[in-house]
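Reading through the structure tokens given below for one structure.
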Protein chains: 2
Amino acid sequence: MSNTDIWGDLADLFKIFGDSSRIRILYRLLEREYSVNVLADELDMTQSAVSHQLKILKMNKLVRSRREGKQIFYSLADDHVSTILSMGREHIEEM
Amino acid sequence: MSNTDIWGDLADLFKIFGDSSRIRILYRLLEREYSVNVLADELDMTQSAVSHQLKILKMNKLVRSRREGKQIFYSLADDHVSTILSMGREHIEEM
DNA sequence: GTTACATATGAATGTTTATTCATATGTTTA
DNA sequence: TAAACATATGAATAAACATTCATATGTAAC
């Protein structure tokens, strides 16, 4: 092994995108920031399920959160997400 | 739902990259074509494990195979793989 | 045809993981 | 401070999946 497990890290990154719930969440956040409840409503998911997935996305620095009163708004952490997503879509459409 | 599950397809694509064994296989195939045994040797994996993973990669049209005598050589199906991999690496390195 | 080699495959196992349920934490308003 | 609302979290469950083992299929040489 080398000093850092580059393949493990890469696989972990892609693993995050390898779930349709997370993909759908990220696609929403591509337009604008969302609160947890609104996300859950629009995606027809449980508040709990959305919260769990958002935690994973945040731990991996793909989204960030901002509190406003009782609500917490989530948004994309940077623009890598959008490039990775569109990269994937290109491949899909050309298959 | 729409006619086709675009998010499911996208997630499925990324799921393939979400495993370090497959990532390592793909990285080898980035240089040149490989037979199953040589891949297994160099990656320190079982012949069976490599074969199983190659099947998944082939089913998803990420690699293709060519028979030469007793051996079967695998190579990348197109250059999407390389772009997706480098996209991921960029993100990793900037974290 | 039989032996040796290369790859594929099916079943079993263990691990990972997404979701659900119940409840806890945090925030605002009355 | 109590009640209502928004989100987070821990445990449990079920499903997905990578690997191993044993064996099957396919190919070449003898």
Side-chain angles (χ1 to χ4, degrees), chain A residues 1 5 7-29 32-75 77, chain B residues 1 5 7-29 32-75 77:
Chain A
M1 331 288 161
D5 185 6
W7 293 289
D9 289 349
L10 241 189
D12 286 344
L13 174 65
F14 284 121
K15 206 172 294 181
I16 300 167
F17 292 89
D19 176 78
S20 57
S21 295
R22 285 193 291 267
I23 290 273
R24 288 165 72 222
I25 290 177
L26 290 174
Y27 255 103
R28 292 298 174 130
L29 298 184
R32 58 175 176 89
E33 64 178 6
Y34 272 89
S35 71
V36 181
N37 267 336
V38 174
L39 267 181
D41 272 7
E42 296 207 8
L43 300 180
D44 200 33
M45 291 175 63
T46 306
Q47 175 271 320
S48 179
V50 172
S51 187
H52 277 296
Q53 296 307 332
L54 284 171
K55 185 178 188 180
I56 293 176
L57 292 173
K58 189 173 184 185
M59 272 173 36
N60 287 277
K61 298 193 202 295
L62 295 178
V63 306
R64 56 203 167 94
S65 61
R66 164 179 87 79
R67 162 155 256 143
E68 187 177 320
K70 280 179 279 190
Q71 306 183 77
I72 296 185
F73 288 94
Y74 283 84
S75 57
Chain B
M1 329 290 161
D5 184 6
W7 293 288
D9 289 350
L10 240 190
D12 286 344
L13 174 65
F14 284 120
K15 206 172 294 181
I16 300 167
F17 291 88
D19 176 79
S20 56
S21 296
R22 285 193 290 268
I23 289 273
R24 289 166 71 223
I25 290 176
L26 291 174
Y27 255 100
R28 293 298 174 130
L29 298 184
R32 58 175 176 88
E33 64 178 6
Y34 272 89
S35 70
V36 182
N37 268 334
V38 174
L39 266 182
D41 272 7
E42 297 207 6
L43 299 180
D44 200 33
M45 292 175 64
T46 306
Q47 175 270 320
S48 179
V50 171
S51 187
H52 276 296
Q53 296 306 334
L54 284 172
K55 186 180 187 179
I56 293 175
L57 291 172
K58 190 175 183 184
M59 272 173 36
N60 287 278
K61 297 193 204 294
L62 295 178
V63 306
R64 56 202 168 93
S65 62
R66 165 180 86 78
R67 162 154 256 143
E68 186 178 320
K70 280 179 279 190
Q71 306 182 77
I72 296 185
F73 288 94
Y74 283 85
S75 57

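Order of the sequence lines sets the chain letters (A, B, ...), proteins ahead of strands, with each chain counted from 1.
The shortest distance between the side-chain N/O atoms of A/Arg67 and the OP1/OP2 oxygens of C/dT27 is below 4.0 Å.
If you check distances only, the side chain of B/Gln47 does reach the base of C/dA8 with a donor-acceptor pair under 3.5 Å.
The distance between atom CE of A/Met59 and atom P of D/dT9, rounded to the nearest whole Å, is 11 Å. The interatomic distance linking B/Arg66 (CZ) with D/dG26 (P) rounds to 20 Å, in whole Å.
Nearest to the side chain of A/Gln71, among C/dG26, D/dA6, C/dT7, sits D/dA6. Distances from the side chain of B/Ile72 to the nucleotides C/dA8, D/dT7, C/dG26 place C/dA8 closest. Of all nucleotides listed (D/dG26, D/dA11, D/dA8), D/dA11 comes nearest to the side chain of A/His52. Distances from the side chain of B/Ser51 to the nucleotides D/dA8, C/dA8, D/dT7 place C/dA8 closest. Of the candidates C/dA6, C/dT7, C/dT27, the closest approach to any side-chain atom of B/Lys70 belongs to C/dA6.
In this structure, B/Ser48 reaches the bases: a heavy-atom distance under 4.0 Å links it to at least one base atom across the strands shown. Among the atoms of the strands shown, none is found under 4.0 Å from any heavy atom of B/Phe73. Residue contacts shown for B/Ile56 are limited to sugar-phosphate atoms, with no base heavy atom under 4.0 Å away.
The shortest side-chain heavy-atom distance between B/Leu26 and B/Val63 falls under the 4.5 Å cut-off.
A/Tyr27 and B/Trp7 have perpendicular rings, their planes meeting at more than 60° on a 0 to 90° scale where under 30° would count as parallel.
For DNA chain D, the neighbouring residues in residues 15-24 of chain B, judged by any heavy atom under 4.0 Å, are B/Lys15, B/Asp19, B/Ser21, B/Arg22.
The partner of C/dA30, taking Watson-Crick or G-U wobble pairs whose two distances both stay under 3.5 Å, is D/dT1.
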